[in-house]
Number of protein chains: 2
Amino acid sequence: MAATILLVEDESGIQELIKLNLTQAGHAVICADSAEQALMLIRQSLPDMVLLDWMLPGMSGIELARIFRSDARMKNVPIIMLTARGDERDKVLGLETGADDYITKPFSPRELSARIKAVLRRRAPQMTEDRIALRGLVLDPVSHRVTGHDIALELGPTEFRLLHFFMTHPERVYSRTQLLDQVWGDHVFVEERTVDVHIRRLRLALGASGHEDLIATVRGAGYRLSVHD
Amino acid sequence: MAATILLVEDESGIQELIKLNLTQAGHAVICADSAEQALMLIRQSLPDMVLLDWMLPGMSGIELARIFRSDARMKNVPIIMLTARGDERDKVLGLETGADDYITKPFSPRELSARIKAVLRRRAPQMTEDRIALRGLVLDPVSHRVTGHDIALELGPTEFRLLHFFMTHPERVYSRTQLLDQVWGDHVFVEERTVDVHIRRLRLALGASGHEDLIATVRGAGYRLSVHD
DNA sequence: CAAAATTGTCACGAAATTGTCATCTTCCCG
DNA sequence: CGGGAAGATGACAATTTCGTGACAATTTTG
């Protein structure tokens with residue numbers, strides 16, 4: 001279970017330490033020193049979750065969390081608060097603000113890993129290993145198989161990732177750029193129109209089970225997996 | 001994120017300084033020395049937000065904020081209060097009055113920028129991704145769907161943006177120029193009459209669910225989305 | 001290593017969208 | 001009532017956007 005994690009922590013020592021732990025656990029880590037930087041980064045890199053230090057210079061962690069939560073685009077990004085030992089008020093306040101979990105410093109790498117795993121399981125549908133069913137379509141992340149009305153579908157690797165992404169994010173329009181970021185990866189340099197071609201290939205494959213209209217194109221905006229007929 | 005900001009500050013030195021900062025950050029700045037001037041300017045120029053000094057000659061900032069809030073036309077314009085250092089009472093009072101945020105002088109350009117960005121993100125209604133419902137009409141920015149009485153409406157990209165804007169700014173008249181700025185974009189050079197045509201197309205589409213009279217024409221002034229029948 | 005599969009890019013055509021204009025309608029005011 | 005101003009409407013051409021098939025490059029597989 002590899003995830004992209006945004007770490008917001010002003011003390012560079014602790015930041016490095018946590019970053020090391022997370023990296024070794026197989027996660028991609030993006031670091032921010034301040035609330036402002038965090039705001040920038042979370043928008044452009046769409047992390048799978050945020051590790052947020054309670055105490056920050058300027059804007060406090062809790063304020064930052066509140067901002068995250070008030071913006072619909074970031075509403076679904078899970079947040080874990082890092083707090084100093086035993087400050088119960090902070091804990092309550094943090095959870096009220098919408099943090100998904102909190103962890104008190106100092107903590108062991110194992111504990112951190114466990115919390116991350118738990119939160120991701122709860123909040124990031126893509127990362128789970130559960131089967132996803134939708135309109136007679138069943139996608140199994142484990143066996144890497146897809147069936148439509150019990151008919152096995154032949155999908156290439158990219159088509160599979162694309163469908164996987166759409167099925168974990170239904171009823172939501174994604175631009176070509178967003179799809180490239182989410183399905184191909186941030187760093188990749190690929191033409192936007194390439195998305196069209198893969199959408200087409202995916203549609204063709206889905207057609208084998210009568211699901212050709214599952215993915216709708218939204219002119220001028222992007223594509224969307226529609227749950228309704 | 002470029003915005004039009006109304007700055008209300010009586011000390012010309014500070015005013016110049018802030019104006020410089022904001023301009024460099026890519027915002028358009030309109031300055032007012034007094035509450036009276038501010039009232040004039042906010043009506044005619046429709047800023048995206050207001051930076052309001054707490055201490056003003058004559059009418060105080062907080063009174064001004066109260067007036068802003070009580071006027072339907074300005075109700076949706078976010079306000080950031082500028083207060084002197086550490087006056088907590090002001091802070092509380094300010095937030096109660098309806099200020100969206102406060103910032104204590106002196107402050108760094110970075111902090112100001114961050115607060116502005118945050119407030120705009122929170123308050124600029126078009127930016128949120130919450131579903132908007134109005135007279136049986138439901139617009140979902142996320143899925144890019146519009147339904148009127150559960151009937152799906154077919155909208156082109158521009159019609160969608162136009163309706164989105166109106167639904168986030170109901171009961172308020174917008175001139176063609178303002179609509180071009182808000183829906184098309186500042187830089188675009190398009191005939192004003194083009195707005196008429198798109199209004200028409202939007203009305204036609206809305207007619208499919210019996211909402212043809214949703215957008216009213218205000219002769220000599222512009223158009224308005226009416227909430228009431 | 002050869003065959004097969006996958007992938008990114010391109011060019012072309014179809015279709016949708018858009019801006020503009022000319023022409024009616026409607027409304028306002030003397 | 002008439003004249004004009006402002007808005008509505010329909011048509012149209014230009015542009016944009018998307019779908020589609022082909023193809024070469026690359027990777028995977030046998």
Side-chain angles (χ1 to χ4, degrees), chain A residues 144-146 152-166 173-208 211-226, chain B residues 144-146 152-166 173-208 211-226:
Chain A
H144 240 250
R145 266 187 230 284
V146 182
L153 299 186
E154 306 288 339
L155 297 184
T158 306
E159 287 144 53
F160 181 84
R161 287 204 308 280
L162 192 54
L163 179 61
H164 189 195
F165 177 76
F166 271 122
V173 179
Y174 288 95
S175 70
R176 293 173 173 76
T177 307
Q178 285 176 313
L179 288 172
L180 284 177
D181 282 353
Q182 298 285 330
V183 179
W184 274 255
D186 306 325
H187 39 68
V188 195
F189 172 66
V190 176
E191 289 293 322
E192 285 204 354
R193 297 293 259 91
T194 300
V195 175
D196 296 29
V197 181
H198 281 272
I199 289 281
R200 164 171 166 68
R201 288 169 181 160
L202 178 54
R203 278 174 175 160
L204 279 181
L206 289 173
H211 285 101
E212 43 261 303
D213 62 335
L214 188 73
I215 290 172
T217 100
V218 181
R219 278 220 159 220
Y223 296 94
R224 170 193 61 204
L225 184 147
S226 298
Chain B
H144 241 258
R145 278 187 204 271
V146 181
L153 298 186
E154 306 286 340
L155 299 184
T158 305
E159 285 143 52
F160 183 86
R161 286 203 308 279
L162 192 55
L163 179 60
H164 189 193
F165 177 77
F166 271 121
V173 182
Y174 289 95
S175 71
R176 293 172 174 76
T177 307
Q178 288 173 321
L179 287 173
L180 284 177
D181 282 352
Q182 298 284 328
V183 179
W184 274 255
D186 306 329
H187 38 63
V188 196
F189 172 65
V190 177
E191 289 293 323
E192 287 204 355
R193 288 270 144 218
T194 301
V195 176
D196 296 30
V197 181
H198 280 274
I199 289 282
R200 158 143 215 289
R201 288 169 181 160
L202 179 53
R203 279 174 174 159
L204 276 183
L206 289 173
H211 284 101
E212 43 260 304
D213 61 337
L214 188 73
I215 291 172
T217 304
V218 182
R219 204 151 234 274
Y223 297 93
R224 170 192 60 209
L225 184 147
S226 303

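Small disclaimer: the values here were computed from a predicted structure and weren't measured. Below, read A as the first sequence line, B as the second, and so on, with proteins coming before strands; counting in each chain starts at 1.
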Engineer: For D:dG7, does either OP1 or OP2 sit under 4.0 Å from a side-chain N or O belonging to B:Arg176?
Structural biologist: yes
Engineer: Give a yes/no answer on whether the side chain of A:Arg200 brings an N or O atom under 4.0 Å of OP1 or OP2 in D:dC18.
Structural biologist: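 No.
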Engineer: Decide if the gap between the ring center of A:Phe166 and the ring center of A:Tyr223 is smaller than 6.0 angstrom.
Structural biologist: no
Engineer: Relative to each other, are the rings of B:Tyr174 and B:Phe165 parallel, tilted or perpendicular (30° and 60° limits)?
Structural biologist: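 Ring orientation, 0 to 90° scale: perpendicular.
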Engineer: A:His198 NE2 to D:dG19 C1': how many Å, rounded?
Structural biologist: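 For the pair A:His198 NE2 and D:dG19 C1', the rounded distance is 15 Å.
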Engineer: Is there a donor in the side chain of A:Ser226 and an acceptor in the side chain of A:Arg224, or the other way round, less than 3.5 Å apart?
Structural biologist: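 Result is yes, a qualifying pair exists.
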Engineer: Verify the contact: side-chain N or O of A:Trp184 to OP1 or OP2 of C:dT7, cut-off strictly under 4.0 Å; return yes or no.
Structural biologist: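 No, A:Trp184 has no side-chain N/O under 4.0 Å of OP1/OP2 on C:dT7.
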Engineer: Taking atom CD of B:Glu159 and atom CD1 of B:Ile199, what is their separation to the nearest 0.5 Å?
Structural biologist: 10.5 Å
Engineer: Roughly how many Å is it from CG in A:Leu179 to P in D:dC18, rounded to a whole number?
Structural biologist: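 Between P of D:dC18 and CG of A:Leu179: 12 Å.
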Engineer: Does a side-chain N or O of A:Thr217 approach OP1 or OP2 of D:dC18 to a distance below 4.0 Å, or not?
Structural biologist: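 Checking D:dC18 against A:Thr217, no side-chain N or O comes under 4.0 Å of OP1 or OP2.
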Engineer: If you compare every side-chain N and O of B:Arg193 against the phosphate oxygens of D:dG7 (OP1, OP2), does one of them come in below 4.0 Å?
Structural biologist: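 The answer is yes; a side-chain N or O of B:Arg193 sits under 4.0 Å from OP1 or OP2.
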Engineer: Under 4.0 Å: is that the gap between some side-chain N or O of A:Tyr223 and OP1 or OP2 of D:dT17?
Structural biologist: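 Answer no for this pair, as no side-chain N or O of A:Tyr223 is under 4.0 Å from OP1 or OP2.
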Engineer: Quick one: A:Phe160 CZ to C:dT6 P, roughly how many Å, whole number?
Structural biologist: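 Between P of C:dT6 and CZ of A:Phe160: 14 Å.
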Engineer: What I want to check is whether an N or O donor and acceptor connect the side chain of A:Arg201 with the base of C:dG8 at under 3.5 Å.
Structural biologist: yes
Engineer: To the nearest Å, give me how far apart CG (B:Leu155) and C1' (C:dA16) are.
Structural biologist: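 About 14 Å, once rounded to whole Å.
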Engineer: Separation of B:Asp196 atom CG from D:dA6 atom C1', in whole Å?
Structural biologist: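 For the pair B:Asp196 CG and D:dA6 C1', the rounded distance is 9 Å.
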Engineer: From C-beta outward on A:Pro157, which listed nucleotide comes closest to its side chain: C:dT9, C:dT6, D:dA11?
Structural biologist: C:dT6
Engineer: Over all heavy atoms of both residues, which pair between A:Val190 and A:Leu180 is shortest? Give the atoms and the distance, please.
Structural biologist: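 Looks like O-CD1, 3.8 Å.
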Engineer: Rounded to whole Å, please give me the gap between CZ in A:Arg219 and P in C:dT18.
Structural biologist: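 A:Arg219 atom CZ is separated from C:dT18 atom P by 10 Å.
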Engineer: From CD1 of A:Ile215 over to C1' of D:dG19, roughly how many Å is that when rounded to an integer?
Structural biologist: 14 Å
Engineer: OP1 or OP2 of D:dG19 versus the side-chain N and O atoms of A:Arg203: is any pair under 4.0 Å?
Structural biologist: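 Result: yes.
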Engineer: Check the distance between D:dT20's P and A:Ile199's CD1 and give it to me in whole angstrom.
Structural biologist: 12 Å
